[in-house]
Amino acid sequence: MASEKKVDEFMREAGFHPLEDRCIVVSFQPRNLSDKVAKFFSCQFYALQLCEDELVVAPFDSATSRLKRDDTLTVAYDTIQRVEVTEDGFNYRIEIQTADGEIVLQAQQKELSFLRSSGYLAGLGNWHKENLDATLAALKELGARR
């Protein structure tokens, strides 16, 4: 489990300026049904953190649930062309179109997050649940600025 404070510390140590209460747990959207089944058993989760100038997606270590510096993705806000958030079963689908291509993520809905991976990774306070609505709204605003 990673407390929101630990996520914030991780982001600051990596040189980012995280925005308070704008962090959720995400995974990459499966490409097809077979990928969806495979990811059900071995899905990699990430902390999506909105920062002052960029969006940061940092992977959780599957053994320790701590964030890893390896494979951290950063997306500068000025490269974001479009953001769409739609409901997709028990998840939200987050499509981010950038100048370099499309990033498609999914975030578990908050109502059942205490039973799912997002609730486990977010710990007892379940910052994923607490931050979900405001973070999704902020993501939509990023897309609307274009």
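Follow the hydrophobic side-chain contacts under 4.5 Å out from Phe90 and you reach Phe114 in the same cluster. Hydrophobic clustering places Ile94 together with Tyr77 (ILVMFWY residues linked when any side-chain heavy atoms are closer than 4.5 Å, directly or through intermediates).
Here the CD atom belonging to Gln108 is positioned 3.5 Å from the CZ atom belonging to Arg116, to the nearest 0.5 angstrom. The line from CG of Leu136 to CD of Glu141 is 11.5 Å long, rounded to the nearest 0.5 Å. Distance check: Ile24 CD1 to Trp127 CH2 gives 8.5 Å after rounding to the nearest 0.5 Å. Once rounded to the nearest 0.5 Å, the distance linking CZ of Phe16 with CD of Gln49 reads 10.0 Å. If you take OG on Ser113 and CG on Asn91, they are separated by 11.0 Å, rounding to the nearest 0.5 Å.
With hydrogens and angles left out, the side-chain atoms of Gln44 and Asp71 include no donor and acceptor closer than 3.5 Å. In the model, Asp100 has no side-chain atom that pairs as donor or acceptor with a side-chain atom of Thr79 under 3.5 Å. In summary, the side chains of Glu54 and Thr74 do not present any donor paired with an acceptor at a separation below 3.5 Å, with no hydrogens or angles considered. For the residue pair Asp88 / Gln29, a side-chain donor-acceptor distance below 3.5 Å is found, with atom types taken as modelled.
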Salt bridge (Lys or Arg N to Asp or Glu O under 4.0 Å) between Glu87 and Arg93, intermediate numbers included: CA-CA 6 Å; Glu87 285 193 41; Arg93 180 183 172 94; over 6 Å; no
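Less than 6.0 angstrom separates the ring centroid of Tyr46 from the ring centroid of Phe28.
Contact check on Lys6 versus Glu4 returns no salt bridge, with no Lys/Arg side-chain nitrogen under 4.0 Å from an Asp/Glu carboxylate oxygen. A salt bridge is absent between Arg22 and Glu20: the closest approach of a Lys/Arg side-chain nitrogen to an acidic carboxylate oxygen does not fall below 4.0 angstrom. With respect to Glu13 and Arg69, a salt bridge is recorded, a charged nitrogen being found less than 4.0 Å from a carboxylate O. Salt bridge status for Lys110 with Glu130: absent, with no side-chain N to carboxylate O gap under 4.0 Å.
Considering Asn126, Leu132, Asp133, Asn131 as possible partners of Lys129, the one that fulfils the side chain to side chain contact (heavy atoms under 4.5 Å, CB included) test is Asn126. Checking each of Thr98, Leu50, Val83 against Leu55 for a side chain to side chain contact (heavy atoms under 4.5 Å, CB included) leaves exactly one that passes, namely Leu50.
Side-chain contact between Glu84 and Gln97: absent, with no pair of heavy atoms (C-beta onward) separated by less than 4.5 Å. Between Val56 and Met11 there is a side-chain heavy-atom pair separated by less than 4.5 Å. Taking the side chain as every heavy atom from C-beta outward, Leu67 and Phe60 approach each other to under 4.5 Å. No side-chain heavy atom of Ser118 sits less than 4.5 Å from a side-chain heavy atom of Phe45. Side-chain atoms of Lys68 and Phe10, non-hydrogen and from C-beta on, never get closer than 4.5 Å to each other.
Between the side chain of His128 and the main chain of Ser117, no donor-acceptor pair closer than 3.5 Å is present.
Contact record, Pro59 with Thr72: CD-OG1, 3.9 Å, taken as the closest heavy-atom pair. Looking at every heavy atom in both residues, Gln81 comes nearest to Ala99 through NE2-CA, 3.5 Å.
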